[in-house]
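What's counted below: heavy atoms across the whole structure, side chains too, no hydrogens, waters or symmetry copies.
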Amino acid sequence: MAFVADSTLGLSPKEAEAQGIHLVPQQVIWKDRAFRDLWEITPEEVVRLLEEGERLTTSQVAPEDLKATYEKLLKTHERVVSVHVSGKLSGTVATAQSVAQAFGGRVKVLDSGSLNGGLLLVLQEARRLLATGTPWERLEEALAPYRERVFGYVLPKTLTHLHRSGRISGLKHLVGSLLRILPVLEVRRGEVLPGPRVRGFAEGLKKIAELFRRDFPEGALAHVAHVANPEGAKALLQAVKAEGVEVQATLFAGAAVSVHAGPGTVALFAGPRR
């Protein structure tokens, strides 16, 4: 069995390969040119361009990259499980399902209902289910209850990039910036939803800990992610360490989060313990 994920996962190709995961790149669009995420443009380059005021967007994985990956893996594996960023946030799932039809049922495409650390948690659970005897035919059904309980909490450092990406209006950007108000965005059941508003970054870290406690009173497995803000990630770890969270890894947040939430963003993705 081979496992595939898109580059919103938050691991480099080498890190993913070490965990037995094969990455396919989303696309970063800059000045009408598409760059293959991680292969043709690095996370550091994405951050630099954003900090210089360049306008970037992201796009789904190209069909030809999915096709080439499936063809290569099926030469050495019986089947492929392909897990991707939420279909409500990207067209990657739909594209992967279309490409998979050419492989006679040997490729199963799963919608993670999340991204980044949430995607990784869902992939890890899919792996666990298969390893403990869940039949291939029932994998998606068996995975669904877990996927519904994977949540994310995203805290931007500023409102600048949420405004640029159209997620907040000019007036909210102006007022929020003046009052140092930030939103905690919540990733739930495939969508990014506006959560509570806080006064400043430090208050936002405390709010994430509160939200985690609300959603996981008995603790959870989690991944922390950040956009060029390792100190912020450490502060987030400190804020949640008393809440029963077992952090498995610190990831880079990926191009999509970088473009929409901006440099300095930190995030926590959590799911039930198994």
Problem set entry | Criterion side-chain contact (heavy atoms from CB on, under 4.5 Å) on Thr58 and His260, from CA distance to verdict | CA-CA 9 Å; Thr58 57; His260 293 290; 4.2 Å; yes

Problem set entry | More than 12 heavy atoms from other groups under 6.0 Å of CZ on Arg197 | no

Seminar exercise, completed: Closest non-hydrogen contact found for Gly87 with Asp111 is N-OD2, 3.0 Å

For this session: In sequence, state the C-alpha distance, the side-chain angles, and the governing distance for Glu54 and Lys31, and then conclude on side-chain contact (heavy atoms from CB on, under 4.5 Å).
Result: CA-CA 9 Å; Glu54 294 289 341; Lys31 293 184 176 179; 3.7 Å; yes

Exercise. Within the side chain of Ser86, is there an N or O that forms a donor-acceptor pair under 3.5 Å with the backbone of Gly113?
Worked result: no

Exercise. Salt bridge or not for Arg214 and Glu186, using N-O below 4.0 Å?
Worked result: yes

For this session: Please check if the side chain of Arg106 supplies one atom and the backbone of His77 the other of a donor-acceptor pair under 3.5 Å.
Result: yes

Exercise. Got Val107 and Val109 here, is their nearest side-chain heavy-atom distance under 4.5 Å?
Worked result: yes

Problem set entry | Side-chain touch Leu49/Glu52, heavy atoms, less than 4.5 angstrom | yes

Problem set entry | Leu221-Leu129 co-clustered via ILVMFWY side chain contacts under 4.5 Å | yes

Problem set entry | Test log, rule salt bridge (Lys or Arg N to Asp or Glu O under 4.0 Å), inputs Lys14 and Glu17 | CA-CA 5 Å; Lys14 183 177 289 188; Glu17 185 178 0; over 6 Å; no

Exercise. Can you tell me if NZ on Lys108 sees more than 12 non-hydrogen neighbours from other groups inside 6.0 Å?
Worked result: yes

Exercise. Looking at side-chain heavy atoms only, is the closest gap between Tyr153 and Leu185 below 4.5 Å?
Worked result: no

For this session: Compare all side-chain heavy atoms of Val4 with those of Ile21 and state whether any distance is below 4.5 angstrom.
Result: no

Problem set entry | Trp30 side, atom CH2; Leu56 side, atom CG - distance, nearest 0.5 Å | 8.0 Å

Problem set entry | Taking every non-hydrogen atom, the tightest pair across Val150 and Gly271 | CG2-CA, 4.2 Å

Seminar exercise, completed: dist Arg138:CZ -> Leu130:CG (nearest 0.5 Å) comes out at 11.5 Å

Problem set entry | Trace of the salt bridge (Lys or Arg N to Asp or Glu O under 4.0 Å) decision for Glu51 with Arg48 | CA-CA 5 Å; Glu51 289 177 336; Arg48 177 179 60 80; over 6 Å; no

Exercise. When you look at Val224 and Val266, which way does the side-chain contact (heavy atoms from CB on, under 4.5 Å) test go after all the steps?
Worked result: CA-CA 7 Å; Val224 167; Val266 298; 5.8 Å; no

Problem set entry | Shortest non-hydrogen contact from Leu73 toward Ala2 | CD1-CB, 4.0 Å

For this session: Begin from the C-alpha positions of Leu110 and His84 and carry the test side-chain contact (heavy atoms from CB on, under 4.5 Å) through to its verdict.
Result: CA-CA 6 Å; Leu110 301 176; His84 297 289; over 6 Å; no

For this session: Kindly work out whether a path of hydrophobic side-chain contacts (I/L/V/M/F/W/Y, heavy atoms less than 4.5 Å apart) joins Val187 to Val240.
Result: yes

For this session: Can you establish whether the number of heavy atoms outside Arg33 located under 6.0 Å from its atom CZ is more than 12?
Result: no

Exercise. Is it true that Val85 and Val154 fall in one hydrophobic cluster, defined by side-chain heavy atoms closer than 4.5 Å?
Worked result: yes

Exercise. Should Glu71 and Lys67 count as side-chain neighbours, where that means a heavy-atom distance under 4.5 Å?
Worked result: yes

For this session: Compare all side-chain heavy atoms of Pro43 with those of Ser258 and state whether any distance is below 4.5 angstrom.
Result: no

Exercise. For residues Thr92 and Ser90, is any side-chain donor paired with an opposing acceptor at under 3.5 Å?
Worked result: yes

Exercise. Hey, do the aromatic rings of Phe216 and Phe151 have their centres closer than 6.0 Å?
Worked result: yes

Problem set entry | Hydrophobic cluster identity match, Trp136 and Phe103, side-chain contacts under 4.5 Å | no

Problem set entry | Closest contact, heavy atoms only, Gln27 versus Gln60 | NE2-O, 2.8 Å

Exercise. With a 3.5 Å cut-off and no angle check, do the side chains of Gln26 and Ser7 form a donor-acceptor pair?
Worked result: no

Problem set entry | Test item: Leu66 and Thr95 side chains (from C-beta on) under 4.5 Å apart, heavy atoms | yes

Exercise. Between Phe252 and Ser12, which heavy-atom pair has the shortest distance, and what is it?
Worked result: CE2-N, 3.6 Å

Exercise. Once you round to the nearest 0.5 Å, how far does CG of Leu119 lie from NE2 of His223?
Worked result: 10.0 Å

For this session: Would you mind checking if Glu210 and Arg213 are paired as a salt bridge, meaning a charged N to carboxylate O distance below 4.0 Å?
Result: no

Exercise. Rounded to the nearest 0.5 Å, what separation is found between the CG atom of Leu120 and the OG atom of Ser114?
Worked result: 10.0 Å

For this session: Measure the shortest side-chain to side-chain distance between Asn116 and Leu9 over non-hydrogen atoms and say whether it is less than 4.5 angstrom.
Result: no

Exercise. Would the number of heavy atoms belonging to other residues, nucleotides or ligands and lying under 6.0 Å from CD of Glu78 be above 12?
Worked result: no

Exercise. Does Glu218 CD have over 12 foreign heavy atoms under 6.0 Å away?
Worked result: no

Exercise. For the atom pair NZ (Lys88) and CZ (Arg188), what is the distance rounded to the nearest 0.5 Å?
Worked result: 13.0 Å

Exercise. Does atom CD of Glu40 have more than 12 heavy-atom neighbours from other groups under 6.0 Å away?
Worked result: yes

Problem set entry | Joint hydrophobic cluster, Val81 plus Leu11, side-chain heavy atoms closer than 4.5 Å | yes

For this session: Using modelled atom types only, decide if a donor and an acceptor are shared between the side chain of Asp6 and the backbone of Leu23 within a distance under 3.5 Å.
Result: no

Problem set entry | Considering all heavy atoms, the nearest Asn229-Thr265 contact | CB-O, 4.5 Å

For this session: Tell me, with the steps shown, if Glu125 and Arg128 meet salt bridge (Lys or Arg N to Asp or Glu O under 4.0 Å).
Result: CA-CA 5 Å; Glu125 177 65 6; Arg128 187 192 71 82; 2.9 Å; yes

Problem set entry | Between CG on residue Leu155 and CD1 on residue Ile208, distance to nearest 0.5 Å | 5.0 Å

